[in-house]
Participant: 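Shown below is the structure under consideration.
Within every chain, numbering begins at 1; the chains are lettered A, B, ... in the order of the sequence lines, protein sequences first and strands thereafter.
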Number of protein chains: 2
Amino acid sequence: MPENVKFVYMFEEGNQKMVDLLGGKGAGLSEMMNLGLTVPPGFTITTDACRRYMKQNAFPDGMLDQAIKALKKVESKSGRKFGDVTNPLLVSVRSGAPISMPGMMDTILNVGLNDSTVQAISKMTGNTRFALDSYRRLMQMFGTVVLGIHHEDFEEALSSLKKKYSLKSDVDLTEAHLRELISSYSGIYTKHGKEFPQDPNKQLEIAIEAVFKSWNSDRAKAYREINGISDEMGTAVNVVAMIFGNMGNDSATGVAFTRDPNTGEKKLFAEYLTNAQGEDVVSGSRTPRSIDQLEKEIPGAYADLVKFIGILEDHYRDMLDIEFTIEQGKLYMLQVRVGKRSARAALKIAVDLVKEKMIDEKTAIMRIRPETLDSILHPQIKLKGSEVELAKGLAASPGAAIGTIVFSSSRAVELAKEGKKLILVRPETTADDVRGMSMSQGFLTQKGGMTSHAAVVARAMGKPAVVGAEEITVDSKTGILKTRSFTLKEGDTISIDGTSGTVYKGSIQLENAKASEDLDTILTWCNRYRKLGVRANANTPEEAKLARENGAEGIGLARTERMFLGNDRIPIVRSMILSTTTEERRKYLDKLLPMQLADFVEFFRVMEGYPVTIRLLDPPLHEFLPDKESLINEINALQNTRSLLGGKKDKLEELRKLLVTVKNLEEFNPMLGFRGCRIGLLYPEIYEMQVKAIMSAAKQVESEGRELLPEIMIPLVGHPNELKIIKERLIKTIHETLGPKTIDYKIGTMIEVPRACLVADKIAEYADFFSFGTNDLTQMTYGYSRDDAEGKFISRYLEEKIIEQDPFNTIDRDGVGELMRIGVERGRKTRKDLEIGICGEQGGDPETIYFCHEIGLDYVSSSPFRIPVAILCAARASMMYQEAGKQ
Amino acid sequence: MPENVKFVYMFEEGNQKMVDLLGGKGAGLSEMMNLGLTVPPGFTITTDACRRYMKQNAFPDGMLDQAIKALKKVESKSGRKFGDVTNPLLVSVRSGAPISMPGMMDTILNVGLNDSTVQAISKMTGNTRFALDSYRRLMQMFGTVVLGIHHEDFEEALSSLKKKYSLKSDVDLTEAHLRELISSYSGIYTKHGKEFPQDPNKQLEIAIEAVFKSWNSDRAKAYREINGISDEMGTAVNVVAMIFGNMGNDSATGVAFTRDPNTGEKKLFAEYLTNAQGEDVVSGSRTPRSIDQLEKEIPGAYADLVKFIGILEDHYRDMLDIEFTIEQGKLYMLQVRVGKRSARAALKIAVDLVKEKMIDEKTAIMRIRPETLDSILHPQIKLKGSEVELAKGLAASPGAAIGTIVFSSSRAVELAKEGKKLILVRPETTADDVRGMSMSQGFLTQKGGMTSHAAVVARAMGKPAVVGAEEITVDSKTGILKTRSFTLKEGDTISIDGTSGTVYKGSIQLENAKASEDLDTILTWCNRYRKLGVRANANTPEEAKLARENGAEGIGLARTERMFLGNDRIPIVRSMILSTTTEERRKYLDKLLPMQLADFVEFFRVMEGYPVTIRLLDPPLHEFLPDKESLINEINALQNTRSLLGGKKDKLEELRKLLVTVKNLEEFNPMLGFRGCRIGLLYPEIYEMQVKAIMSAAKQVESEGRELLPEIMIPLVGHPNELKIIKERLIKTIHETLGPKTIDYKIGTMIEVPRACLVADKIAEYADFFSFGTNDLTQMTYGYSRDDAEGKFISRYLEEKIIEQDPFNTIDRDGVGELMRIGVERGRKTRKDLEIGICGEQGGDPETIYFCHEIGLDYVSSSPFRIPVAILCAARASMMYQEAGKQ
């Protein structure tokens, strides 16, 4: 029993809303027809038919019959007949998925051409060469796609013909040549025991099948994987009466954007070719003309085009990308879709459309894709023209990086320790390289595609990468990188642009992001709608300044340990750690006090009027000491010196003593060891010094007449008693520091240990605020040491789709997110007004920000660069959840 | 307005149920009075009064008045009058807390003695020396306790008197001496401007206050801390008419257990002294007689004693510990309480009482304290008499250990790597020693008490320790341990008995636990009532055999990696790890296959009829490789050899290659790194080999006609996809291995990553069973690396009461337990019949077992030694939760 399913829709039967069923192209053609625009007659075979085809590897029952019936209607509308020898109807068979995948699938033109109709077309267009060329292309396509003849067979025939007549390029083929080629193509069919189908209906059937099959071509699959498009969706097929833009000088073909896709400026941005078909634009054999010329050449069609574009923008209320053809003075619209645009243009268009009252502010905000802002906010390559280009590869991970070449992971680790900025250059990368990758600024590989290990890891790490630069040769053993013109070795400087895929010699210039008025406008709107606050993670007053300029409403995380690492400070910190008594330790802490105090003063000044969340010392103490391996090597070297004179002997003694401390502090799993509040609890004098510095700074800045709100944050709390005891001690220190003065402050805690989420109700008894430290929380919830896992298995897990996303980039909703949900719920059960934020690196990721809104956080804190992204996402989150009827 | 609170209860007003208010002693005296036994008249001042006293540092209003009124009643009952110069009533003022704290608090005898009454007592007892001695003791006690005179003042007076008359001991004091001493004591009072209170009422008041105060004496507090008794409870005070066991040969005093407290045998176990007071028994100046003598000496009292004991056992239905005094032929009961007993006696008594139909099986089970079974189940010291005792110290952590002396933590780490069994000997330990402690069998310290660092850590680690052996001298610098008779150095063997606090020279003999019929009986009963299954963690067939003998119903965890570590295997394992291709890896895995297969065959045979849960490879691969530091040192040494001949050169090359692999596999946090199913996923051939070995073994053992149930357990699953993929692969391997044969098996997973608990519903889709790996789950939930934390801060956290219990010993209910609860709930939501167990080390801990019952686990798995404890706890859990009305 055949199901009675409708697989075929005439354009007049569809509309834009049916995009899932008809694909983008089909829905657009239908919509234009509904709007009264001239569209060639045609029909759409649904994505449903495609999905069924993929399942059973055959057309669904009835589909072909419906198509043939629809074709009859097209014949009657066009006044031409499919296969007719005097006035033949030709059709194009075009793919069109619900989500645009430009250039990824097949389109077959001129279906209906055969030995007879080719003559008619030749006459109709007055262009025999065009007719013959179209015909031989159709033959080649059918031979390879449907009959499985090797592509090379046809290519060989073509090139031997060109050789025979000493032709340089395809353009040089004359009608005679083409006739000879068609004949030798026929021979190829015969050789394989096949025949080119002269029956136009058979051709149509084959063409439809070819489009269905192209859905699962390697490049289409790869594109979908990169862009996160489901393989299940399928493509629709549009069968459209061919319109000939090459029927004389009153015919033409062209493409247009309704506004400038680079700048967003409101002016028609279009190109066309007179007496040409679409292919001519693509092949680049002729230079397209500016659209202004059209007004003079075919004024009626131009007027229609301007009118149609007006209708379309009014209707779609967005910038559009259209294709059109003019046949003997009459304009036909072949495609309409929302136009792709640069990030800068997206901002301008959204702002302009609001000004033009076409859309409202909320719609404008929802039109800006957060991930595109990166290219505006991060430093860009500034080309001066004098750059020496070394090679081109795939633009695998955006951004620019400059560094000296290094050829192995282990060497990268060594050099990075010396503070070198590195570009890791490898034939290709494997899991073994990841440690080196994490130490480098960017990567360049000779082999591999957009889903290669290097590409995946680079995107995961957020570092620029150029991969698959096949023209270079990398010999890691000898340490030589050969390009077409240069030979480079370790230590030579190169620059890579992961956005364009270009590799440059030496150091190129970068330019800072330019301020954009349109962005400011959008962000101002965002501030009206968002509920989430946006703060910045900043470790220096300079970063805090940038954050404030970018719109941050406070500091969500200032890591005080970074202040321990200055050259003037590290010797004092080491002496502090080597101290054996509290008194000795206090002596060195007293030396650090004025330094930390000065830092905090600057912070408070920069962030005047906003909260500054300062996290007390967190990392294990051994991070401030030298590395064990190099110490052992140094000791070994000294021991083997023949004469151990006084100075050296003392040095040896000192190193040995240091080694003992390093070994004592050594931990099997420092992430889970003696750090955070555990140090703060057992060496109370450290936190006391820090809090004394904070409150002294606060006192000073307040006396300058500035408003400020210090938030003191205790790291790694897992048990309420930890916070309770530390808080009691710190309040004592604060009272001693402030004396009779009162300054508002908060004491709160990181929530970064899974246990803290589970006992959040008890921890909240002592906390003014929570801040989710999702880096550590992810490490512990997943049991992934980030330093180890990213290289050893996370990239492999992503490649093999064991996990969907790197949980260190985007919050893991099911696991880490679930704990956060529990933490928020229990924390607020105890303390309704508990302030809750997030300061993990995921805080700047759009998906994560949506999630934070969903679970009711008060703010997100992200890197200063990403503040605008965070503001945008915060506003989008409000709207998305309003739309979903949630809040 | 004074509250109308009753602070004083006559014995006839109380009963056993009022133990919280009247304390154990008071409630017992009341109960005996209710039972019609002869009890001296008296009354109890409540614990409530004590708590109020502690709060306000003064007696609560009305308490003293109530006591005076009660005293009047005592006078009338006893026929004697407090302070009367001819027939004076004397009272004892005795502490008595709701929980017994033997010897920890003060008891004051003979209150009411003064210059006048002392004469009357002397006459009444015919024992002037006794009267005088009692008097001077009372004076001394009052002087020190109440008036704050230094103890030394009185001691000095006593010793100078003894010196003056050349007396050796207190016993040599005559009446004359005592009179002189009383006079010089009076002088001491005068010197301090004080006076001994001649007023008996004043004495009583002071005595009551002294008892209240003794609740907070240092030793009482320490005792409570060790035994987990709340400081808030307070003690009651019992004021009891003095009964004189020293009024002639028809008077006596004694103590009795109703059954033998060492063996449990049903016979009166008692000692007494004729014409004596309790103190005489304690001081040891006279040797007590066996109770059989009493029948002849004072037959009436003896008959009463036997009768009373019968009444009491019938009433209390337990073995009792009583104190009695006979005054001129009349028996008085002074105390009754449930008697302390050895573990062995506890078993026999419980079993006997059931046989005697005094209690039921459930009550018998609830009478056995699980922690006491350890002493029966673990090897004990078997003294032969020839042992050389080196020293005595505090018995800080039970059990026996034998090893060679080591004096520093770092040296202990080195020697332990060589496989040495060590006893760490330190003046005292600090946090720095903990790594060494974890590498040693037991500890001996010169300094420190029951709550010292060494003691706390030892108990936390479950290792024997003798601390505070003050008679030894430990010089860690020179590495010398001096005892009274011997001088020992590193490498000398000693034995410590942490149960008795004794240190022996050389190696002493240990004996294995003896089987106990009573234990078997109790365990049989337990099996009737418990719901939890009990399995064992066993890594070798030998351990499995022991587990089965002890009653295990299967193996809950067999760690396959232990099978990788044999001397015949480790070189193969290393070659496997150094392999660079899958083929090479497979080659070495093929060599391991028959070895693992043989292990599994043995396992299945031993565990015939029971499930065996086999965990596939879990630890990071670098655990099978040599240590980096020693490799570097070895390479350095080789490099500095003058002549590098062929062999050495090859060796150097090999070592360098090994170092590269070691460095590649090196991880910052191996706990959170490349291990568990992460290895299994990326090197599928490893798990495939293991499962092939398991199922081949199963096939072989099944063909022997034995029943078996292999349960294959995947470690470290955090994402459902991990289990899904591995399971699919393994099922394929299983089918290939079994061929047409079918054998029942299960595939399940450890739940040891916090995320696994949160997504347990999704994981359960692919799991036949869950097993909570609470070691890792605790590490990740708390963020504690056990290897690091135990030494660096957990012991300090316990000392400072930041955490209540070591979460690696007893499950952390609030955090880890909460995750388990979530895991069970979500897992069973997907799969109602999901089998769930626990295989972390906490699985043998009583509190943890109760918790596992509470959250509905199917079984616990513990060490083979602890199986009987687990069975007992499982049964107790059923009853406790039945009692709580839960299930």
Participant: Side chain from CB out, backbone as N, CA, C, O: work out which of these in I822(B) comes under 4.5 Å of a heavy atom of chain A, or both, or neither.
Facilitator: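 For I822(B), the side chain is the part near chain A, not the backbone.
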Participant: Return the option, out of F668(B), F674(B), Y797(B), with the maximum number of heavy-atom pairs under 4.5 Å with chain A.
Facilitator: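 It is F668(B).
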Participant: Please enumerate all residues that pass side-chain contact (heavy atoms from CB on, under 4.5 Å) together with K724(A), with sequence neighbours excluded.
Facilitator: N721(A), E728(A), Y766(A)
Participant: For E414(A), enumerate each residue passing the salt bridge (Lys or Arg N to Asp or Glu O under 4.0 Å) test, keeping only those at least two apart in sequence or located in another chain.
Facilitator: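 E414(A): salt bridge (Lys or Arg N to Asp or Glu O under 4.0 Å) contacts with R411(A).
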Participant: Looking only at heavy atoms, which two atoms of V753(A) and Y782(B) are closest? And how far apart?
Facilitator: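 That closest heavy-atom pairing would be CG1-O, 3.3 Å.
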Participant: Tell me, for I802(B) versus chain A, whether the close heavy atoms (under 4.5 Å) come from the side chain, the backbone, both or neither.
Facilitator: both
Participant: Begin from the C-alpha positions of Y784(A) and R678(B) and carry the test side-chain contact (heavy atoms from CB on, under 4.5 Å) through to its verdict.
Facilitator: CA-CA 10 Å; Y784(A) 289 173; R678(B) 299 160 192 178; 3.4 Å; yes
Participant: Between the side chain of D814(A) and the main-chain N/O of V759(B), is any donor-acceptor distance below 3.5 Å?
Facilitator: no
Participant: Is V816(A) close to R755(B) at the side-chain level, that is, under 4.5 Å between some pair of heavy atoms?
Facilitator: no
Participant: Out of R675(B), K762(B), E752(B), E800(B), return the one with the most heavy atom pairs under 4.5 angstrom to chain A.
Facilitator: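 Sorted descending by pairs with chain A, the first entry is K762(B).
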Participant: Name the member of P720(A), G718(A), G783(A), A637(A) that forms the most heavy-atom pairs with chain B at distances under 4.5 Å.
Facilitator: G783(A)
Participant: Is I632(B) in contact with chain A via its backbone, its side chain, both, or neither, using a 4.5 Å heavy-atom distance?
Facilitator: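 For I632(B), the side chain is the part near chain A, not the backbone.
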Participant: Of the listed residues (C757(A), G673(A), A756(A)), which shares the most heavy-atom pairs with chain B below a 4.5 Å separation?
Facilitator: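 Among the listed options, the one with the most contacts to chain B is G673(A).
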Participant: Sort out for me which of K801(A), E666(A), Q779(A) touches chain B most, counting heavy-atom pairs under 4.5 Å.
Facilitator: E666(A)
Participant: Between L665(A), L758(A), V413(A), which residue shows the highest count of heavy-atom pairs closer than 4.5 Å to chain B?
Facilitator: L758(A)
Participant: So which of L681(B), I725(B), D776(B) has the biggest tally of heavy-atom pairs under 4.5 Å with chain A?
Facilitator: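 Highest number of heavy-atom pairs under 4.5 Å: L681(B).
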Participant: Looking at chain A, which one of V660(B), T781(B), L672(B) has the largest number of heavy-atom pairs inside 4.5 Å, strictly under?
Facilitator: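 Highest number of heavy-atom pairs under 4.5 Å: L672(B).
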Participant: For S785(A), does its backbone N or O pair with a side-chain atom of N669(B) as donor and acceptor, under 3.5 Å?
Facilitator: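 Between the backbone of S785(A) and the side chain of N669(B) there is no qualifying donor-acceptor contact (under 3.5 Å).
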Participant: Apply side-chain contact (heavy atoms from CB on, under 4.5 Å) to residues H719(A) and E804(B) and explain how you reach the verdict.
Facilitator: CA-CA 10 Å; H719(A) 194 291; E804(B) 299 79 15; 3.6 Å; yes
Participant: Less than 4.5 Å apart, any side-chain heavy atom of N633(B) and any of N636(A)?
Facilitator: yes
